[in-house]
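For reference, the structure is listed below as structure tokens.
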Amino acid sequence: MRMIMFFLVGLLVHVIFFISIFDIYFTSPLVHGMAPQVSPLPPPASRLLLVVADGLRADSLYKPDANGSTRAPYLRSVMEETGSWGVSHTRVPTESRPGHVALIAGFYEDVSAVAKGWKENPVEFDSVFNESRHTWCWGSPDILPMFAKGASGDHVYTYTYPAEREDFASTDASRLDTWVFDEVKSFLQSARVNSSLMSSLQKDQNVFFLHLLGIDTNGHAHRPMSQEYLENIRLVDSGVKELVSMVEDLFDNDGRTAYVFTSDHGMTNWGSHGAGHPSETLTPLLVWGAGVHTAQRVTEPQKYSDGYLQEWQLEGLRRVDVNQADIAPLMSSLIGVPIPLNSVGVLPLQYLNNSDQFKAESMYSNAIQILEQFKCVLQSVCLSLRLLTESRQAEFINKARVLIQLEEYEEAISLCRSLIGHALEGLSYYHTYDRFFLGCSVVLGFTGWTSYVVLVILKTHASLRRPPTPTDQVSGKTLWWMGVGATLLIGMFLIIQRSPVTYYIYCLLPVPVWYSVLKEFGTLTDLVRSYSSLPLGKCFGYFALVTFGIELLVVSFFYRAMLTVGLAVLSLWPLLSGLYSKAKFRSLSWVLCCLFLATFPMMPVVGREANIHMVTCAGVLSLLISTFYLWLARKRTTLHLTDRYLLIFQMLHVAVCAYVPTSTHSSLQLKQGLPLLNQMISWTTLGSSLFVPLLSSTRLFHRLLSIFLSLTATYLLLSTGSEALFPPVLSWLMFVWINIEQEAMLSQGISGRQELSTLDFSENIDITKIRQLKLDDIRRSYFFVFFIITAFFGTGNIASINSFDPASVYCFLTVFNPFIMGGLMMWKVIIPFIIVMCTFETIQLWKCHHILHHYLVLLSSSLHPSFLQHFFFLVQDYGSWLDIGTSISHYVIVMSMTIFLMLLSLMTHILTSRRVSLWRTRKMHFP
């Protein structure tokens, strides 16, 4: 019971500090209570047509094909004659929801919205659609509803196709775009015979929004360089051309329609998006029509040094780049609606073809709109920013107003830009104001918990327990009053700061943690007193090696090749420890397995083309390993007939699962869709992956083999290439680790020579016998952490958001569903974890006792706060958005891994030691 309570308290501590990350880094940037701002001058356009080609890369549209001709002749003519163009720079995560929010609402959505699948609104926000008089939307059911839900009143109308049409296995995903164009044409034609609708259309401040998902779907299914993707661009170009003609004809060519064509994000060459590669963050922007500059010819070299102008053959046309959020104030200014209240976009004046007065008034409205957000933030904090005190704000506003009245428009615009810069700097400052304070609380709490775990392990397993003394009772009272005083001081500070309730939990939790640490001060004193009996040289050697190992693992988060270095070093362990002379075959196997596994971190992280033949090879390798083991074990242990049949069935099942990806890939290539039988096999395999091993014998290697076969079958279905070989190679190394660890323990006299094959996971453990902690236990814990990190990064699945290939889940489903697809991909990541954890459970089985095993899991978990402190100080809020996102992601990964290890320990204990009987079996007695 005490052990369970210890685990629960540890789990609670980690969960609380994990949740704190969302208050530190992932808080919503939105504030409320601002007044809408709009230019007092009449706008140049009465209506706006916004077309968003989902997943369209800038180079795919702008770059001529191999013959020198353009893929989008109409849009190219707009760039060269009637409109302005540039590149819209998106931010990480480059996904559809945050991209559309930036385009239409003008702010960069916090990452916590991913918990909603980028579909629903975690918080309500203002948008250009909400500020418009009427907005008509056509497109995907994943995007349109969130803007209708966030709009006040009933003036945003959405028309969507069924979600089932978003099928990566569709014979022609461009039909999604054809559906949109057909619906819009039908809508415009109906307006000619519907006087009520025509009356609404002729009013000002109207928006038409077309969301075109075909390009994105074809990119995922066939890659951006495919013929399907490129032909879809041609279809969109012709559709836009026809649509513009119909709109101009409907409104009698009144010259009051503005057009914006852009994309929410790009796509990598391997058909993914989500990270910060230029192919994902660079999207096209074309603006033409009412109030927009026509094409501007230039003869001088432009300021852009990225080389794209030459590559796209556009050196002679003025290029105007913007941040994605800048498009929202641009659209608002064109049709004369208030800029969305939470927008952080800066109006790109180079696109506007209007008077200097209009530009100055629009810029002034933009500045006041952002300043209003800053004022609302100031109401919730007690400090003020020196650059924007209330007097400085009034000075900026009055001076800008006077300059506009004096017709000094250029100076007014420059002043407004300066005010916007200060306001955005202030918003960023106050948005991150509590970050360092909360981060220090997290590090302090984790350091305290790590210290407490180490002290408890030493007290329980290092002969350092002693009866309490009167001095301990006195110090205990002193500590209690010190804890009360610290609680009161922290509480008063948080009250003065008007902090939210969650801050009290994050900041006060370290108090009881450190109280518990200081209560165990006697244990540390005893350890110091017993230093003379410790092998100091060996202790310092282990300390140096573990410190070096931790640094190696930290570096491996940034450079996966360091895992290869680590595995190469680990391969020398039998030689350095003297085990090679006692177990040559096992030592040689260890060296070879480490070197084989070391090749995987050297493989490309992303950009791999599907290689289904490798999946088949992985299946064959798994069957060979299983057959070889059964052949070796045939004389050592006796298997019941039902257990033998179960293993044979699992091997046949692996063979089937090795064939299913090949069959599915072939069917999709022929555009015949996902075969129903393959889908049924895949989901059945997934559903039974953790249940089937419970039917097998609990004999050590029989149960491990059953777990391996069950998990490998699922992994094969989720693989598209060489990563399918990772579980078999990892499992073989884990098998060798189990055997060589027994040799290490035998050399220390810890275990009797009991055959591993005769051990049973379900054997009762005598918990009254507590084995003392050895230095080798620290080494085993480090090995465990190293293999966990290798399992995590070994195949490149987590190195970047865009390294996930949607093709990995095509055996299960092809219709877009972010929750199910994300869940399947995460299960693929977890499978190697389970293999490593089952191995660690096995190593602690023989005369090591489960109580010490659980403590060693905690000891292994306690190494993670060492990573945590590294990554906390490596988190950055400057540089590229990819660097910022990567640093935060690493921090979250390490924190969540600690929680995950404790939960996984409990799960693998059940998976290895429990057995479910579906049929009555004859009782067998093993020698």
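Keep in mind that the numbers below use all heavy atoms, side chains included, and drop hydrogens, waters and symmetry copies.
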Quiz prompt | Minimum side-chain heavy-atom gap T790-L730 below 4.5 Å | solution = no
Practice problem: Apply the ring-ring contact (aromatic ring centres under 6.0 Å, His included) test between H265 and each candidate in H273, H89, H277; give the one that qualifies. | Solution: H273
Quiz prompt | Side chains of Y308 and P278 in contact at under 4.5 Å (non-hydrogen atoms) | solution = yes
Quiz prompt | Atom OH of Y659 with >12 non-hydrogen neighbours under 6.0 angstrom | solution = no
Quiz item: Do F726 and S719 come within less than 4.5 Å of each other through their side chains, counting heavy atoms only?
Solution: no
Quiz item: So do the side chains of Q189 and M246 get within less than 4.5 Å of each other, counting heavy atoms only?
Solution: yes
Practice problem: Taking the side chain as every heavy atom from C-beta outward, state whether F708 and F735 have any atom pair closer than 4.5 Å. | Solution: no
Quiz item: Does some side-chain heavy atom of D264 sit less than 4.5 Å from a side-chain heavy atom of T90?
Solution: no
Quiz item: Do T720 and P661 have side-chain heavy atoms sitting under 4.5 Å apart?
Solution: no
Practice problem: Compute the ring centroids of F596 and W732, then answer whether they are less than 6.0 Å apart. | Solution: no
Exercise. Find out whether D142 and S96 are in side-chain contact, i.e. whether some heavy atom of one side chain is under 4.5 Å from a heavy atom of the other.
Key: no
Quiz item: Taking it one step at a time, do L210 and L49 satisfy side-chain contact (heavy atoms from CB on, under 4.5 Å)?
Solution: CA-CA 8 Å; L210 282 68; L49 181 68; 3.7 Å; yes
